[in-house]
Amino acid sequence: MPLKIYNVLTRQKEEFKPLTEGKVNMYVCGPTVYDYSHIGHAKTYVGFDVVVRYLRHLGYDVLYVQNITDVGHMLDTGEDRILRKARQMSAKPMQVVETYTREYFADMDALGVRRPDISPRASAHVPEQIAMTQDLIAKGHAYEVDGSVYFDVGSFPEYGKLSGRIVEDLEEGTRIAVREEKKHPADFALWKKAEPEHILRWDSPWGEGFPGWHIECSAMANKYLGQTFDIHGGGIDNIFPHNECEIAQSEAAHGETFARYWMLTGSLTLEGIKMSKSLGNTLTIKDALARWRAEAIRTFILSSHYNNPIDFSDEAIEAAFKGWQRIWGAVSLTREQLRQAAPGEANPAVLAMLDGVKADFIEKMNDDFNAPAALAVLQELTRKVNTLLNEQGPHSQGTLQAIDQLYRELGGDVLGIVPEQADAGANAEREDGLVRLLINLRAQARANRDWATADQIRNQLKELGIALEDRADGTIWKAE
RNA sequence: GGCGACGUGGCCGAGUGGUUAGGCAGAGGUCUGCAAAACCUUCUACACCGGUUCGAACCCGGUCGUCGCCUCCA
């Protein structure tokens with residue numbers, strides 16, 4: 001089965017055929033860097049991380065662009081959120097931007113989200129945004145009023161085709177005070193005149209100002225991916241107006257299709273309620289990582305299809321963590337047995353089983369990146385592997401390597417939930433040696449039926465977060 | 001009010017016109033010095049009401065409910 005993607009634009013699943021064979025150009029709306037990233041960002045970007053990882057796994061040459069918004073996002077009050085934060089922090093706006101951009105990348109790195117190939121900043125692409133705005137004016141899709149430029153929604157009949165919004169309805173439903181200077185309430189700003197107190201400002205043909213909040217994505221996507229590209233992603237909450245405006249600007253300016261496939265991720269709620277600053281129910285990625293390991297967070301996110309909303313709760317992530325532990329336990333056991341395995345070819349029956357699992361996994365992922373179903377395939381693999389390792393054996397190096405390899409490929413490379421090694425810390429090997437030393441001492445105690453000593457070692461290690469498991473073929477340890 | 005999505009067992013969550021999702025939790029068992037892990041068995045399903053069909057949880061209509069967007073949001 002070929003890869004199918006649910007295209008929000010057409011509201012149906014379509015076979016994925018990139019513009020250029022073997023190559024995927026992809027754009028995902030990035031964060032506005034005015035504060036720490038929260039668990040909702042994690043859902044969106046882990047989701048697309050897996051999309052990109054999987055496309056690459058299929059052999060596509062992916063160019064992944066994700067912007068950093070550092071200018072232009074306005075609050076209801078008309079105030080730029082970055083400027084407000086700068087004032088609160090008594091810092092320069094670009095200090096705020098720099099600080100939270102770094103934090104964003106640090107959080108994403110910690111979550112195992114691979115970095116985009118290009119992370120263009122809006123503030124570094126003002127000339128491109130101005131040029132595009134000029135182009136839109138020249139083509140009759142935008143007009144200037146008193147130093148600001150607005151997109152003329154009436155000039156683009158297809159406006160609303162992504163979100164299903166109808167311009168006439170917007171006019172009636174709009175609750176914001178209609179700006180006098182706009183021709184139509186649905187018209188949106190491409191360029192805004194800077195009031196004197198607005199210190200994020202650039203020169204333009206219309207005087208000093210700053211870009212509107214949608215034009216950056218159009219301008220930067222065009223710059224790095226061309227007029228038409230394959231996949232545009234983002235959170236569903238941006239479908240209107242942001243994504244809709246991107247399409248209008250780009251297609252009005254270029255006369256070409258903007259993005260061919262639109263993939264939008266469902267939102268995340270916290271204990272059933274949407275996160276918001278005013279309710280105080282936000283959970284930053286840093287706080288989440290302090291409580292759960294990255295793989296648990298990823299497993300939680302991937303246990304629901306990317307386009308569905310999910311609710312974050314302690315119970316839900318705890319269940320995901322335990323599910324992940326099962327998989328990780330089997331991987332660890334495989335690697336442990338590999339340490340002592342005798343050289344030898346892989347067992348053909350096992351290879352056949354692994355091939356079947358892989359085909360299954362691919363089939364699920366080809367169905368619009370169905371990660372939860374793919375995760376279930378890994379769970380079934382895990383049951384088979386556990387049976388194999390616990391009830392048969394010993395197994396040859398070849399067999400164990402094949403198992404480990406499949407976990408690395410599907411669980412590691414594609415889903416990002418199976419680490420290369422138990423602990424990547426600098427002292428990992430030393431720690432392993434020390435624990436093994438204690439395991440050997442304890443083994444002697446056990447041989448002498450000195451259960452008190454044996455239990456003491458196990459209990460004290462447990463308190464240090466190291467769990468021992470006695471098996472017929474020896475004792476293994478796990479960090480918790 | 002408008003647009004959209006969704007309602008699956010104790011919980012989280014896939015999927016499908018007739019054939020096991022999977023995980024977590026619960027119960028019983030095997031193994032074990034004990035523990036842990038693992039494996040085996042097992043109990044709760046498809047919001048409600050109509051309709052189409054040999055047969056619907058899956059298709060259609062309606063009702064109720066939840067959520068998202070329409071205003072900054074990933």
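Computed from a predicted model, the values in this text were never measured in an experiment. Order of the sequence lines sets the chain letters (A, B, ...), proteins ahead of strands, with each chain counted from 1.
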Intra- and inter-strand pairing of RNA chain B, written as dot-bracket with Watson-Crick and G-U pairs under 3.5 Å and | for the latter, reads (((((((..(((.....[...))).(((((.......)))))....(((((..]....))))))))))))....

Nucleotides 35-43 of chain B: which of its N/O atoms have a protein N/O under 3.5 Å away?
unit_1	atom_1	unit_2	atom_2	d
B/A35	N6	A/Asp470	O	3.0
B/A35	N1	A/Asp470	N	3.0
B/A35	N3	A/Arg458	NH1	2.9
B/A36	N1	A/Asp470	O	3.4
B/A38	O3'	A/Asn386	ND2	3.0
B/A38	O2'	A/Asn390	ND2	2.8
B/C39	OP1	A/Arg326	NH2	2.6
B/C39	OP1	A/Asn386	ND2	3.3
B/C39	OP2	A/Arg326	NH2	3.3

May I have all residue pairs that pass side chain to side chain donor-acceptor pair (under 3.5 Å) and include part of residues 108-118 of chain A, sequence neighbours excluded? A/Arg56-A/Asp117, A/Asp109-A/Arg115, A/Arg114-A/Asp413

Could you tell me whether A/Tyr45 contacts a base, only the sugar-phosphate backbone, or nothing, with contacts defined as non-hydrogen atoms closer than 4.0 Å? sugar-phosphate

C1'-based separation of B/C48 from B/C43 [nearest Å]: 25 Å

Using the salt bridge (Lys or Arg N to Asp or Glu O under 4.0 Å) criterion, which residues pair with A/Lys358? Sequence neighbours excluded. A/Glu409

Let me spell it out: for each of A/Ala452 and A/Ala319, pick the nucleotide of RNA chain B with the closest heavy atom. Which residue's pick is nearer the 5' end? A/Ala319

Do any side-chain nitrogens or oxygens of A/Ser304 fall under 4.0 Å of OP1 or OP2 in B/A14? yes

How far does the C1' atom of B/U19 sit from the matching atom of B/A56, given to the nearest Å? 15 Å

Counterpart residues, ring pair (Phe, Tyr, Trp, His ring centres under 6.0 Å), relative to A/Phe188 (two or more places apart): A/Phe151, A/His214

How far, in whole Å, is B/G9 from B/C46 if one measures between their P atoms? 8 Å

Provide the distance between the two C1' atoms, one in B/U63 and one in B/G22, to the nearest whole Å. 33 Å

Between B/G23 and B/G65 - C1' atom distance, rounded Å: 27 Å

Residue-level proximity of residues 283-296 of chain A to RNA chain B when a heavy atom falls under 4.0 Å: none

Can you spot which of A/His242, A/Glu216, A/Gln66 makes a side-chain contact (heavy atoms from CB on, under 4.5 Å) with A/Cys29? A/His242

Which part of the nucleic acid, if any, lies within reach of A/Leu389 when heavy atoms closer than 4.0 Å are counted: base, sugar-phosphate only, or nothing? nothing

Counting only side-chain N and O atoms of A/Asn308, is one of them less than 4.0 Å from OP1 or OP2 of B/A14? yes

